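Below: the structure, in structure tokens.
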Amino acid sequence: MSVDRGHAAATYDLVVVANRLPVDRVVEDDGTVSWRRSPGGLVTAVEPVMQSHDGAWVGWTGGPDSDEEPPEESGMRLVPVSLSEQEIEYFYEGFSNGTLWPLYHDVVAKPEFHREWWDAYVTVNRRFAERTAELAAENAMVWVHDYQLQLVPGMLRELRPDLRIGFFLHIPFPPLELFVQLPWRRQILEGLLGADLVGFQRPGGAQNFVRLVRQRVGHKTHRDLVYLPDGRTVEAAAFPISIDYDGLAELSRSEAVEARAKEIREQLGNPRHLLLGVDRLDYTKGIYKRLRAFGELLEEGTLDVEEAVFLQVATPSRERVDEYRRLRDEIDRLVGHINGDYGRIGRPAISYLHASYPREEMAAMFRAADIMVVTPLRDGMNLVAKEYVACRESNDGALVLSEFAGAADELKQAFLVNPYDINGMKSAVLDAMRAKPRDLNRRMKAMRKTVKEHDVAAWAAEFMGRLSEARPAHHKRLRPHDSD
Ligand code: GDG
């Protein structure tokens, strides 16, 4: 129960802690400040749980030195954590996105290790932990999110041993052989072990974590449980994240979206096959290799622009990080080259959009596309694959999906590919183009059923349910005789 609501000393039964608050600060032309709910599944996911609890959300506003508190959103208090310009550079762009992000994604780019980045990571994690410790009611549940905040569970446990702490990692958790490159590997593992429940997208992530804890920290483990010397037990498990299936399916059925989907196809010259890619412009998403595969199909004459057009949306992302600038240049060059060689007047082979769009426009693109191409080199889950499926009311359309996306565990009826195998991707695209409508129908129906049944509300309920069963900190579990 909350105490002194609206007062500085108010406390909450449930506290969500994430790098970003679920709202963006918008300054209008006349200088007035407003807050806009930011797109993203996490708010939708935790909204129902938040409404039945008395909830607060702790996060950064996205700008420097701002601790202005936004108004409540969906019944939860939004509590800002302020970052200085230098912390944005060292903690966010540096350690989070220049060290951990590439290290956790199979080292597809080279992680950089800088001691001053690490120091900022510790400082900012401590700020999040301290703010959360002030806000959580006695025995409250705290749900910490993602790679930017891996030290928070441990720091919070020290400040508040009464709390039930859950942590969910949205990105992959790497195998031991890669994780051990990290000079601060021990501190990160100890940070995570502050939680009662550590959630991952795939079972492999949980296994990697438990193996590391056993081999590198020396704790006893049994299957997905870790036994700590103080008698606490930490559980590691997979909770594959999902989308608001019903909400998106409904939007995609609207007349406006249907009309817009038709218009998009017309504007692209009504090709027989419209291929679509939608990604943040990130080197993990495999955009370059995917477009190369398409370019080769045109080069060989297997396809031509009259029959197939590729629409690629690349949402601007992390533009101040060097590696992202380089990627943008490389893709610009490749698209220019393919369009220069194979496009015709009014008919580029690739329609490349470096911009972000409203939800309705995204739904219209999903409805318009015959083949959705999702080929990350590594991805925690990939929500775009699930969103495409939710928009295919007529059970048509094909999904070409990387084996290395978490979504491949559930979307088994997709045309699965190894995104490093350009020939393999070319064949999968051709298979998808040539598949019989009956085959596509069968595949899409099965995938829609999976995503509908396992939507984001189910995901949040499962995680929270498991966390609420976690033993309180003082409760000692019996240890097994053996560990594995
Ligand atoms: C991380 C993990 C994991 C994209 N462009 C626009 C737009 N989007 C939306 C998509 C989708 C979301 O952003 C992107 O989610 P993804 O899952 O594809 O990828 P990440 O951003 O890398 O997310 C990932 C996820 O966390 C959740 O745990 O699945 O593996 O890397 O919803 O539709 N939305 C709008 N306009 C755009 O231009 N409105």
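Keep in mind the model is a prediction, meaning the values are calculated, not measured. Along the sequence shown, residues carry numbers from 1. We count ligands from 1, going down the list as the structure has it; atoms in each ligand are counted the same way.
Among the atoms of Ile171, none of the N or O lies under 3.5 angstrom from an N or O of ligand 1. Considering both main-chain and side-chain atoms, Trp101 never comes within under 3.5 Å of ligand 1 through any nitrogen or oxygen pair. Taking only nitrogen or oxygen atoms, main chain and side chain alike, Asp379 reaches within less than 3.5 Å of ligand 1. Checking only distances, Met381 does come within under 3.5 Å of ligand 1, N or O to N or O. Considering both main-chain and side-chain atoms, Glu387 comes within under 3.5 Å of ligand 1 through a nitrogen or oxygen pair.
Side-chain atoms of Tyr245 and Arg448 form a donor-acceptor pair, as typed in the model, at a separation below 3.5 Å. Donor-acceptor pairing under 3.5 Å is lacking for the side chains of Thr61 and Arg25.
Those atoms of ligand 1 that come under 4.0 Å of a heavy atom in Ser356, given as number and element, are 37 (C), 38 (O). Atom numbering of ligand 1 starts at 1 in the shown order; those under 4.0 Å from a heavy atom of Gly380 are 30 (O).
For the pair Arg326 and Tyr283, the cation-pi criterion (under 6.0 Å, within 45° of the ring axis) is not fulfilled.
In summary, of the residues considered (Tyr288, Tyr352, Phe310), a ring-ring contact (aromatic ring centres under 6.0 Å, His included) with Phe294 occurs for Phe310 alone. When each of Phe200, Phe173, Phe239, Trp459 is paired with Phe168, the ring-ring contact (aromatic ring centres under 6.0 Å, His included) condition holds for Trp459 and for no other.
Only the side chain of Arg280 comes within 4.0 Å of ligand 1, judged by heavy-atom distances. Both the backbone and the side chain of Leu383 come within 4.0 Å of ligand 1, judged by heavy-atom distances. Using a 4.0 Å cut-off between heavy atoms, Lys285 contacts ligand 1 through its side chain alone, with no backbone atom that close.
Here the two rings, on Tyr92 and Trp60, have centers that are under 6.0 Å apart.
Counting only non-hydrogen atoms, the option in Thr315, Asp146, Asn382, Val384 that gets closest to atom 6 (C) of ligand 1 is Thr315. Around atom 39 (N) of ligand 1, the closest heavy atom drawn from Trp459, Phe168, Tyr357 belongs to Tyr357.
Judged by the shortest distance from any of its heavy atoms, Gln201 lies inside the 4.0 Å radius around the atoms of ligand 1.
Between the Ser402 side chain and the Phe404 main chain, a donor and an acceptor come within less than 3.5 Å of each other.
Around atom CZ of Arg280, more than 12 heavy atoms belonging to other residues, nucleotides or ligands sit under 6.0 Å away.
Between Arg260 and Glu361 there is a salt bridge, since at least one side-chain N of the basic residue sits less than 4.0 Å from a carboxylate O of the acidic one.
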